[in-house]
Amino acid sequence: MLLSHFFKHLPCISCRRFSALSRRCIHPPGPLFHPLNFFFTNCNPVHQPPLPSSVLAKFFVPSCSYTSLTEPESSTAPTYLSVRIRCRRDVADSLSDALLEFGASSTSMDEDDNAKGADEICIDSIFPECEDVDASISQAADSIGLKEIPSYEVKMGEQYDWIKKTQESFDPVEVTEGLWIVPEWKTPPVDQAANIILNPGLAFGTGEHATTKLCLLLLRRLIKGGELFLDYGTGSGILAIAALKFGASLSVGIDINPLAITSARHNAALNDIGPEKMQLHLVSTKTFPDSTNEQKAMEEQTSCGSGIIWESEKYDVVIANILLNPLMELADHIVSFAKPGAAIGLSGILYEQLPDILDRYSPFLDGISVDEMDDWACVSGKRKRIPTGI
């Protein structure tokens, strides 16, 4: 099975993705925002039509470089076009998505914008300096059936402006008492707490999304000390880091996107965690077989580029916080890494999607329980020694 990007931790092209960020919706700029490149991400997964593996393989777009949300290393910050568009509120979401398709690098909407009444809203967008903004906005408006082009104004800006604006949107998040997710540029509110320091960059996993919180709370219950933990789709590395903070002896994070591995490695360093405690592996798409019964071990590529062999039934705790489709298709593969009797957590699913997940994983898991937060769910259980009903 060749899957272009099934993991959770990369940002989506839908502005709904970052609704938790102080009521602002932000798309980071950059060349990575390709719809198929982020097909399996935590955006709005209600409608997820299955794509054949051949189609996904055809459209696989390798990620570029890691984008940090700290100040640029270069003293010469690249310029961009800052475009403020006023439109009807009822078409704002569609227009934002269309702008991304026709040249915008990012869009944001201020949900508190009532400058000209409740029927209108402003979309702040960023375009590359060389982009034909007039043509892009005209094409975007036409693509969603607008008869008139919305009014807009264009200004020159610098990349640092966007970085500073985005930093201001992230605040420390208290997941539960004694557990904080703290952006790299912020001071931990409680020094004695378990503080996970993060620079999310362009990798999913800031601690604000309900699925991440559910997994963190599950990890806190599961980790007693000395466990081997697998983060199936590591992204920012937040779960792998948290497991170590809770007492796991080793965390392993896998992802098929180099951006996620770079982000997770950076965040591990921010938390003074070395590779001997947190291993990060860039996995080839060839890793995911059509039948896991045909392959008991798999070759992978580490973040340093060397090859290793992964064995099944190795981990005490396995968590996959991805989405419904990959959870369904890769169930055998996910479960295969857990020891018999080991704990498995599954998230990235809406509560209404639970019946599908429960039907798929009931043959593999005993003692299944469900936690819910903001219409999202997390399913957990213990791996059966002998699967049933398969």
Side-chain angles (χ1 to χ4, degrees), residues 5-11 28 32 38 40-42 63 65-70 170 172-173 175 179-186 188 194-209 211-220 222-223 227-283 300-305 308 310 315-322 334 337 345 347-348 378:
H5 192 93
F6 64 87
F7 290 140
K8 64 184 182 295
H9 296 292
L10 292 175
L32 300 174
F38 300 101
F40 289 129
T41 53
N42 259 332
S63 291
S65 59
Y66 168 66
T67 299
S68 172
L69 292 182
T70 53
F170 287 89
V173 176
V175 177
L179 174 61
W180 286 83
I181 310 300
V182 184
E184 179 184 359
W185 50 87
K186 297 280 188 175
N195 293 307
I196 300 174
I197 312 300
L198 284 186
N199 184 321
L202 288 185
F204 177 82
T206 65
E208 292 195 309
H209 196 270
T211 58
T212 309
K213 289 182 178 179
L214 286 168
C215 290
L216 288 169
L217 294 172
L218 176 63
L219 264 180
R220 193 166 198 179
L222 295 176
I223 300 296
E227 290 87 353
L228 300 182
F229 170 65
L230 175 64
D231 183 6
Y232 194 94
T234 194
S236 70
I238 185 171
L239 298 183
I241 293 169
L244 293 171
K245 297 268 187 179
F246 297 153
S249 62
L250 175 70
S251 281
V252 176
I254 64 173
D255 209 296
I256 68 171
N257 198 301
L259 177 70
I261 297 300
T262 304
S263 175
R265 187 167 61 237
H266 176 78
N267 289 325
L270 290 178
N271 290 271
D272 297 320
I273 296 173
E276 73 282 355
K277 296 287 290 182
M278 180 170 159
Q279 298 178 8
L280 299 167
H281 304 290
L282 181 64
V283 185
E300 297 180 350
Q301 186 179 18
T302 70
S303 55
C304 299
I308 64 170
W310 283 91
Y315 295 94
D316 302 295
V317 180
V318 175
I319 290 185
N321 179 15
I322 44 183
I334 293 168
F337 288 104
S347 194
C378 179

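From a predicted model like this one, the values you see are computed outputs, not experimental measurements. As a basis for the values below, the full set of heavy atoms in this structure was taken, side chains included, without hydrogen atoms, waters or symmetry mates.
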So, do Asp231 and Val318 sit near enough that their side-chain heavy atoms are less than 4.5 Å apart? no
Could you state the interatomic distance from OG (Ser236) to CD1 (Ile241), rounded to the nearest 0.5 Å? 7.0 Å
Main-chain N/O of Leu198 paired to Asn267 side chain as donor or acceptor, under 3.5 Å: no
With sequence neighbours excluded, tell me which residues meet side-chain contact (heavy atoms from CB on, under 4.5 Å) with Ala268. Ile273, Met278
Is the closest side-chain heavy-atom distance between Asn321 and Tyr232 below 4.5 Å? no
Is the shortest heavy-atom distance from the side chain of Val317 to the side chain of Leu219 under 4.5 Å? yes
Which heavy atom of Leu239 sits nearest a heavy atom of Cys215, and at what distance? CD2-CB, 3.7 Å
Is the side chain of Asp255 donor-acceptor paired with the backbone N or O of Gly235 at a distance under 3.5 Å, no angle test? yes
What distance separates Trp180 CH2 from Asn195 CG, expressed to the nearest 0.5 Å? 8.5 Å
In short, Glu276 meets Leu250 closest at the heavy-atom pair O-CD1, 3.7 Å
For residues Ile197 and Pro188, report the shortest heavy-atom separation together with the two atoms involved. CD1-CG, 4.2 Å
Nearest 0.5 Å, what's the CD-CG distance between Glu184 and Asn271? 10.0 Å
Just verifying a value: how many Å separate Phe229 CZ and Asp316 CG, rounded to the nearest 0.5 Å? 11.5 Å
Pairing residues for Leu179 by the side-chain contact (heavy atoms from CB on, under 4.5 Å) criterion, not counting sequence neighbours: Val175, Thr176, Ala194, Ile196, Leu216, Arg220, Phe246
With rounding to the nearest 0.5 Å, note down the distance linking OG in Ser347 to NE2 in His209. 8.5 Å
Inter-residue atom distance His266.NE2 - Leu280.CG, 0.5 Å rounding: 13.0 Å
Output, in order, the C-alpha distance, side-chain angles, deciding distance and verdict of side-chain contact (heavy atoms from CB on, under 4.5 Å) for Val252 and Leu228. CA-CA 8 Å; Val252 176; Leu228 300 182; over 6 Å; no
Looking only at heavy atoms, which two atoms of Thr234 and Ala264 are closest? And how far apart? CG2-CB, 4.2 Å
Non-hydrogen atoms of Ser249 and Lys277 that approach each other most closely: O-NZ, 3.0 Å
Which atom names give the shortest non-hydrogen contact between Leu282 and Pro258, and what distance separates them? CD1-N, 3.5 Å
Less than 4.5 Å apart, any side-chain heavy atom of Ile238 and any of Ile181? yes
